[in-house]
Amino acid sequence: MESQIPLTHRQKHVFKILRDSIAHRGMVPTIHELQEELGFKSSRGVMCHLIALEKKGYIRREGRARGIQILKFKEQGKLK
């Protein structure tokens with residue numbers, strides 16, 4: 001079994017938004033959509049969370065619009 005690096009509560013929330021968007025819309029949200037959903041004033045906060053998710057192996061980012069690929073559909077723990 002592959003061990004996963006645990007996510008913070010906020011990272012779990014961002015990851016859940018990404019997964020839910022793919023499940024319901026067939027695509028990930030844009031950075032701007034994530035920013036609005038999370039209530040951030042700038043896109044930098046979103047980027048920091050995406051970088052963390054990528055470093056932990058949950059997503060892969062590519063240099064194009066909506067260029068986020070989910071690598072792990074299971075997350076540790078439940079989002080409350």
Next on the checklist: For L34 and V28: C-alpha separation, side-chain torsions, deciding distance, then whether side-chain contact (heavy atoms from CB on, under 4.5 Å) applies.
Outcome noted: CA-CA 9 Å; L34 280 170; V28 294; over 6 Å; no
Checklist entry - Are T30 and R66 close enough that some pair of their side-chain heavy atoms sits under 4.5 Å apart? => result yes
Item to check | Contact list for residues 32-55, test ring-ring contact (aromatic ring centres under 6.0 Å, His included), sequence neighbours left out | outcome: F40-H49
Item to check | Between CD1 on residue I70 and CZ on residue R19, distance to nearest 0.5 Å | outcome: 8.0 Å
Checklist outcome for this item: In terms of heavy-atom contacts, M27 and S21 come closest through O-OG, 2.5 Å
Next on the checklist: For the CZ atom of F15 and the CG atom of L50, what is their distance to the nearest 0.5 Å?
Outcome noted: 11.5 Å
Checklist entry - Between Y58 (side chain) and K12 (backbone), is there a donor-acceptor pair under 3.5 Å? => result no
Next on the checklist: On a heavy-atom basis, which atom in R61 and which in E54 lie closest, and how many Å separate them?
Outcome noted: NE-OE1, 2.9 Å
Checklist entry - How long is the gap from CD on Q69 to CG on L18, to the nearest 0.5 Å? => result 12.0 Å
Checklist entry - In the single-linkage hydrophobic clustering (I, L, V, M, F, W, Y; side-chain heavy atoms under 4.5 Å), do M47 and L38 co-cluster? => result yes
Item to check | Atom pair CD1/CD1 of I22 and I17 - distance to nearest 0.5 Å | outcome: 12.5 Å
Next on the checklist: Evaluate L53 against I68 for side-chain contact (heavy atoms from CB on, under 4.5 Å), listing each step before the verdict.
Outcome noted: CA-CA 11 Å; L53 288 172; I68 298 171; over 6 Å; no
Item to check | Residues forming a side chain to side chain donor-acceptor pair (under 3.5 Å) with R10, sequence neighbours excluded | outcome: none
Item to check | Residues forming a side chain to side chain donor-acceptor pair (under 3.5 Å) with R25, sequence neighbours excluded | outcome: E33
Next on the checklist: Are the side chains of V14 and E37 in contact, using a 4.5 Å heavy-atom criterion?
Outcome noted: no
